[in-house]
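In listed order, ligands and their atoms are each counted from 1. In what follows, every heavy atom counts, from backbone to side chain, and hydrogens, waters and symmetry copies are set aside.
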Amino acid sequence: MPDFFAPCPRGLEALLRTDLESMGAQNVRAIEGGVHFTGDWTLCYRANLESRVASRILWRVKETRYRSEQDVYKAVFELQWQRWFDVGNTIRVNTTAIRCPLKSLEFITLLVKDAVCDRFRAHCNERPSVDTLEPDVRIHVFIEDDNLMLYLDTSGDALFKRGVRSHTNIAPIRENLAAGILRMTGWQPGTPLLDPMCGSGTFLIEAAQMSLNIQPGIARRFAFEKLKNFDAAKWKQMREQAIAAQLPVKPLEIYGSDLYGDALKTASRNLQEAGLAECVQLKQANVLEITPPAEQGTLVANLPYGERMGELDELAELYPKLGDALKKKFGGWTAYLFTADKAILKLMRLSPSKRIPLFNGPIECRLLEYKIVAGSNRK
Ligand SMILES: C[S@@+](CC[C@H](N)C(=O)[O-])C[C@H]1O[C@@H](n2cnc3c(N)ncnc32)[C@H](O)[C@@H]1O
């Protein structure tokens, strides 16, 4: 059975492990930054189609010890790449390493590319071309100490790209991180959800899709479709079943607001592109002035972050007012604020009931849970 590795945002590994197990994955092992598992190709297609949290599904084609650059070349050249994809496919090699004793990762990338091309040349006298922007086949090289792992990427574009054209404003959160945060909040489809700082609407779209059983990968293509072992009939059947299981688009108790009209325009366009405009109510409002759209529910927000001095001052002013506004008006709600800014803990004047560490790329963040009970909880 093939071995796979699914990278994901750090902090979401346990969630991804549970999802993969429920899809039937075996030998599931979470490590920092992702989950190893084994399974058949149907599982691989399914994980690509259904996982909201994984960043990619990588198929491990080789794991070996190495000492020198020559060992790396040899390990790559020995593999029968022509069995997996056609010489007419374009390729790209990505190398990442932890504690790599070799001098240059760029050199390793070139070496691996050369070894793959040389293997094809030995086989058919032709070599695949490189396309770094939109390759058909991505080869990932992972080096950890003296361990070399080679992967073929079955996803292609990263899985947080849901295949629907999306317009962004300054600081959108990645879709798979947003979906993971929603899952961490325990929010259940069918119950009220509010993002009062919705920006381009990432939480809203993920939540609407979750409510309507729309699989995150239903609108996109995958790299596994280009591999020689691609089972088109199986994939067609899986897609058809997923489409048949979707619920009809209808108004949902999902609400978004933002201070800026431009942000709302972006959110509205993105919801429209996703065919979900009907599901979400959008409003232009200051988070400090909104009234809750229901008696209880889940509030989730990815707080603005300040990089320049003035912005930091603005945020320092916002936090205590936000704490007061939540306490005054949102009794009965649970608020989840996602931020990298530790200053919030002192300035909010509310004590979080949970602090969940999560990474936004390399940036360490916290998902803070506040159970709002009107008039209490003040430090
Ligand atoms: C980090 S962004 C949110 C990004 C969003 N999660 C997305 O994926 O696009 C923070 C948002 O807070 C909004 N914002 C800032 N101050 C606000 C306020 N006082 N009331 C409401 N929204 C505010 C900004 O316009 C921005 O869109």
Salt bridge check: are [X] and [Y] linked by an N-O gap of less than 4.0 Å?
X: Glu144; Y: Arg99; value: yes
X: Asp118; Y: Arg121; value: yes
X: Glu13; Y: Arg10; value: no

Option nearest [atom] (shortest heavy-atom distance, choices [options]):
atom: atom 7 (C) of ligand 1; options: Thr202, Ile181, Asn360, Asn302; answer: Thr202
atom: atom 27 (O) of ligand 1; options: Asp195, Ile205, Leu264, Asp258; answer: Asp258
atom: atom 5 (C) of ligand 1; options: Cys198, Ala263, Gly261, Pro304; answer: Cys198

Candidate list Asn302, Leu367, Leu299, Val300, test side-chain contact (heavy atoms from CB on, under 4.5 Å), partner Leu337, passing option: Leu299
Sole candidate of Asn176, Val53, Asn48 that passes side-chain contact (heavy atoms from CB on, under 4.5 Å) when paired with Leu159: Asn48
Using a 4.0 Å cutoff against the non-hydrogen atoms of [X], which atoms of ligand 1 qualify?
X: Tyr260; result: 25 (O)
X: Pro196; result: 21 (C), 22 (N)
X: Ser200; result: 7 (C), 8 (O), 9 (O)

Ligand 1 to [X] polar contact by distance, N or O atoms, under 3.5 Å:
X: Leu318; value: no
X: Phe203; value: no
X: Pro172; value: no

Within 45° cone of Phe120 ring axis and under 6.0 Å: Arg127 NZ or CZ: no
Ring center gap for Trp41 and Trp235 short of 6.0 angstrom: no
Aromatic ring proximity, centroids under 6.0 angstrom, Phe338 and Tyr305: no
May I ask whether [X] has any heavy atom positioned less than 4.0 angstrom from an atom of ligand 1?
X: Asn286; answer: yes
X: Leu303; answer: yes
X: Ala285; answer: yes

Residue portion contacting ligand 1 (non-hydrogen atoms closer than 4.0 Å) for Ala301: neither
Option from Asp136, Asp153, Asp86 for which salt bridge (Lys or Arg N to Asp or Glu O under 4.0 Å) with Lys226 holds: Asp136
